Amino acid sequence: MENLIALLVAAPLLGAAVLLCGGRRLDRTGHWIGTVLAAVSFVVGAVLFVDMLGKGPEERTLTQHLFSWIPVEGFQADVAFQLDQLSMTFVLLITGVGSLIHLYSIGYMEHDERRRRFFGYLNLFLAAMLLLVLADNYLLLYVGWEGVGLASYLLIGFWQHKPSAATAAKKAFLVNRVGDMGLSIAIMLMFTTFGTFAFGPVLESTDKTSEGMLTAIALMLLLAACGKSAQVPLQSWLGDAMEGPTPVSALIHAATMVTAGVYLITRSGAIFNGAPDAQLAVVVVGAVTLLFGAIVGCAKDDIKKALAGSTMSQIGYMILAAGLGPVGYAFAIMHLVTHGFFKAGLFLGAGSVMHGMNDEVDMRKYGGLRKYMPVTFVTFGLGYLAIIGLPPFSGFWSKDKIIEAAFAQQSDLRSWIFGGVALLGAGITAYYMTRVMILTFFGEKRWQPAPDPDTAPSVEPGIEVHPGEMPHPHEAPKSMTIPMIVLAFGSVFAGAVFGIGERFVHWLEPVTSFEHPHPVVGVPVITTATIVVLLLGVGLAYLQYGRRPVPVVAPRGSLLTRAARRDLLQDDFNHVVLVRGGEHLTRSLVYLDHSLVDGVVNGTAASVGGLSGRLRRLQNGYARSYAVSMFGGAALLVAATLLMRAV
Amino acid sequence: MTQLAAYTTSTGEALQFWVLGTVAVIGALCTVFMKKAVHSALCLAGTMIILAVFYLANGAYFLGIVQIVVYTGAIMMLFLFVVMLVGVTAADSLRETIKGQRWLAALCGLGFAVLLVGGIGNASLKEFNGLGQANSAGNVQGLAELLFTKYVFAFELTGALLITAAVGAMVLTHRERTERARTQRELSEQRVREGKHLPPLPAPGVYARHNAVDIAGLLPDGTPSELTVNKTLRSRGQIRDVSTEALNDLKALEQRAEDRLERPRPEEASK
Amino acid sequence: MNPVNYLYLAALLFAIGATGVLIRRNAIVVFMCIELMLNACNLALVAFSRMHGNLDGQIIAFFTMVVAAAEVVVGLAIIVSLFRSRHSASVDDASLMKL
């Protein structure tokens, strides 16, 4: 059975190779090849899952050793896979959502002449992501980690003729580099500390390691997670990443890749458990990002960017939960899975809306779409109910648990602070998601004529857009609605399936271990408070957007709103602190190099040159002068000979 | 007495050494310091003859004769030929042009001499054998025996060296003619075409004592004409300029003639 | 008189010749000075021959003469061709070795 694990990675990898090397003759069939291979991977994953369910909880881990990658004395790097409950969860999420989004992309990318390449990149992403979650050591995980970064870069910049897309891709790549550096340093530290980087030996020997070293490794892992999962302070790339095609946003920048940081922290749980300071840092990062993303999400008028802020915020919840230790790992992963369903569904819905509205992304120019796109409306609505955490939809089951866990920490102060933040986040989530919902599907029509493609570079190519034409909203084709419907089912039922009887927690317990949280106040109180807060958020949004007509041009807004529209000044901050600082540093280094280093080198050269110039005067070209030297030399030789004989 | 004999030579030889040695050193110094190359050559020839005498005195009869025949007779004459080619009368300026060269040279020469003399003084033999035994069968025979036995290989090599030197000298001085020599007719046609010096070049100036070819002929206004002197002399700068000298001579001659005839001077006559 | 005096004379002549080489600019005179140095060596060799009582010194002197003859032939040819091309026999005029 374990021999099937490699097939999980191999199928999409084969797809990527075939599609990217196959050339134009695959243009007609390429998307089907990609989709079928993604589905093959999913089927294999399902077979393995069924097999796993048939075993006892402690015997479920499968390993497959493919080959020895770098066999050096004292340095063994293997290409080996490990499939346990945690990996299995991810495999099913990745291949399942991935297959659905492949299917969706067939319709969405129908008019794009580079569709084959798009599917090649998607398959490449699937292969890299599966490698990431299946690796049995950190080095192989790093390969997958970089692979998804590459796929993300390629897909964000898929419409590279748009300068904004090219820039966004570069930005994502560069910011991710910072995080990747953290991961590589963490791996190096692991190697020097443990002498290996296979999960088993590393995670089993953490009790014998000093807390300082564990904290260092954990902080570096946190840096990596921040980069990949768009957490503060490396969050700035995610909003711009929405320049990529919508299926990419749904798959990579909502459901799977951005959750890799959560996977990394959960997988390295033993290290974090041994480093409470690092755990506190994780919790702080999660809490800050949770609010940050939520506030940004409230202010954005671009539907995808609003959803991106929401993604950031929800991953903040997961990171927060993962930072809580064994109390929260399982809930983090559970929220990750449910989020994978409803956020992917929301993005696909957004894609469907854009598809019907001539690729308009400004929600202020939507309005009243529920009559024209009923399927999209229903699926998007179910995703909305799930994300705000209304019982019994799936978001409730996972988010409520995280809030409970946030209220259950070592000290009361920390419990109240982080619990309060999580609770507040739930309210803001309800607010901005209701806003999205009302702006898009309710109210009066605020449609605008299609923008001129020459002046509006954000228009996705390949889709017929006639300037000045009013949009004709229509329901998307079957290939797009089916995945949305499937994901909507997930949004509705996944939470209940996982949550009732703590099935998911028990499923993951052998890998992540689990402790029951003991919140500072009773669980029913927290649940009630959560529901009250989210209803408040919904009501506030309704009062603000449902009762009054929505202006097409965004009002100036408060200072916070304006800052949030600019992503809370993250880019300005980066520019002032990092770019300017880097420029000044570089300039001073250049100056130092010119004055000091070059000065020494040039001074040496100049003094040698000057000396040579003076010595050159000895060479006056007159044979008689040379004869004097010869004769003088001969005289010296005679003198030396006589001297030696005298001695 | 035998001890003494091992150290000394006969009184006659000593006298000869001191007299001729002095002359040789003077000759060498003159070689170095004479302004004209031809004088240097003559002084060197004298020094070499004295050296030949010393060879003879030292029992090297063959070398003494060879010194006179080859060096003084052949090599020095070769030098004189070259001096003649380059210019017999051209005198060198002894002014030094390279800064410090003279002092350095003097220092080197003096230092070298002191070192050599000191070294030889230190290393001088306790006794000397004389060539009586070696020359018993005749100096030439003795040399020939060594030359054709022990040194035969070197001797053959010197033969090769001489041949090579002869060929080398020919190669160095030989100039390959790259085009046909122009005939007299062609030369005259060229002169006509260029329009200058249609008649033959003017003859050099000939005046009283000086009928040599190195005196430029005078133009009607008394200035010398470079054209009248041979090109080689011109390039060597060996033209003897007699224009003012000749005019002065002429004036003096007229003066003397008038004095003798007791004619009044032109300016006096005008009074 | 001690025949070592011949050696002293040879040393003196050699030094004079060397000085001449260094201070004279006329290539012909320089050459003559070189000949003077060679002759000084020959005198020393002949004196050595007498002191040691064998003829090897004279043989070497003989070879020196042969080599000197060859050298003169080539050297004078060089001077002649130099004069031909530069219209000067000054060794300082041939100073193209400097930069």
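Each chain gets a letter, A, B and so on, in the order its sequence line appears, and its residues count up from 1. As the structure is a prediction and not an experimental result, all values here were calculated from the model.
- Taken from CZ in C:F48 to CD in C:Q58, the straight-line distance is 13.5 Å, to the nearest 0.5 Å.
- Neither the backbone nor the side chain of B:M170 comes within less than 4.5 Å of any heavy atom of chain C.
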Applying side-chain contact (heavy atoms from CB on, under 4.5 Å), run through B:T72 and B:M77 and close with a yes or a no. CA-CA 7 Å; B:T72 329; B:M77 290 314 112; 5.7 Å; no
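- Of the listed residues (C:T19, C:V74, C:V46, C:I78), the greatest number of heavy-atom pairs within a distance under 4.5 Å of chain B belongs to C:V46.
- B:L78 CG to B:Y71 OH: the interatomic distance, rounded to the nearest 0.5 Å, is 12.0 Å.
- Annotation: the span from B:L56 atom CG to B:Q16 atom CD amounts to 8.5 Å, rounded to 0.5 Å.
- In this structure, the portion of C:L13 lying under 4.5 Å from any heavy atom of chain B is its side chain and not its backbone.
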Test side-chain contact (heavy atoms from CB on, under 4.5 Å) on B:M76 and C:E35 and set out the steps. CA-CA 10 Å; B:M76 288 320 297; C:E35 293 301 321; 5.7 Å; no
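- Between chain B and the options C:F62, C:F63, C:F31, the largest number of non-hydrogen pairs under 4.5 Å is found for C:F63.
- With a 4.5 Å cut-off on non-hydrogen atoms, C:L45 does not touch chain B at all.
- Heavy atoms closer than 4.5 Å to chain C are found in the side chain of B:L44, but not in its backbone.
- When all heavy atoms are compared, the tightest approach of B:V117 to C:A11 is CG2-CB, 4.3 Å.
- Heavy-atom distances place the side chain of C:V80, and not its backbone, under 4.5 Å from chain B.
- Looking at B:S40, the atoms closer than 4.5 Å to chain C (heavy atoms on both sides) sit in the backbone and in the side chain alike.
- The candidate with the highest count of non-hydrogen atom pairs below 4.5 Å against chain B, out of C:A68, C:G57, C:A44, C:A70, is C:A70.
- Between chain C and the residues B:Y151, B:W18, B:F155, B:F62, the largest count of heavy-atom pairs under 4.5 Å involves B:Y151.
- With respect to chain B, the highest number of heavy-atom pairs below 4.5 Å among C:V73, C:L36, C:I79, C:N5 belongs to C:N5.
- A distance of 12.5 Å separates CG of C:N39 from CD1 of C:I34, quoted to the nearest 0.5 Å.
- Between C:Y6 and B:F17, the ring planes lie perpendicular to each other; the angle is over 60°, past the 30° to 60° tilted range.
- To the nearest 0.5 Å, atom OG1 of residue B:T47 and atom CG of residue C:L43 are 11.5 Å apart.
- Both the backbone and the side chain of B:A41 come within contact range of chain C, with heavy atoms under 4.5 Å apart.
- Interface check for chain C: of the options B:L157, B:L143, B:L161, B:T158, the most heavy-atom pairs under 4.5 Å are formed by B:L143.
- Looking at B:E145, neither its backbone nor its side chain comes within 4.5 Å of chain C, counting heavy atoms on both sides.
- The choice from C:A18, C:A47, C:A61, C:S49 that makes the most heavy-atom pairs within less than 4.5 Å of chain B is C:S49.
- Per-residue counts of heavy-atom pairs under 4.5 Å with chain C were compared for B:K150, B:Q101, B:Q67; the largest is that of B:Q67.
- The contact between C:I28 and chain B is made by backbone and side chain atoms together, counting heavy-atom distances below 4.5 Å.
- Atom CD1 of B:I163 is surrounded by 12 or fewer heavy atoms from other residues, nucleotides or ligands within 6.0 Å.
- No other option in B:L162, B:V171, B:T164 has as many heavy-atom pairs under 4.5 Å with chain C as B:L162.
- Only the backbone of C:N54 comes within less than 4.5 Å of a heavy atom of chain B; no side-chain atom from C-beta onward does.
- Distance CZ/C:R24 to CE/B:M34: 10.0 Å, rounded to 0.5 Å.
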Kindly indicate, with the supporting measurements, whether the criterion side-chain contact (heavy atoms from CB on, under 4.5 Å) is fulfilled by C:Y8 and B:I120. CA-CA 7 Å; C:Y8 292 137; B:I120 292 166; 3.8 Å; yes
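- Using a 4.5 Å cut-off between heavy atoms, B:F81 does not touch chain C at all.
- Within the 4.5 angstrom heavy-atom criterion, atoms from both the backbone and the side chain of C:A69 approach chain B.
- Most heavy-atom pairs under 4.5 Å with chain C, from the set B:T31, B:L116, B:L147: that is B:L147.
- When the candidates B:V70, B:I75, B:L172 are compared by the number of heavy-atom contacts under 4.5 Å with chain C, B:L172 comes out ahead.
- Shown here for B:C43 and B:G27, the closest heavy-atom pair between the two residues is CB-O, 3.6 Å.
- Here the two rings, on B:F112 and C:F14, have centers that are under 6.0 Å apart.
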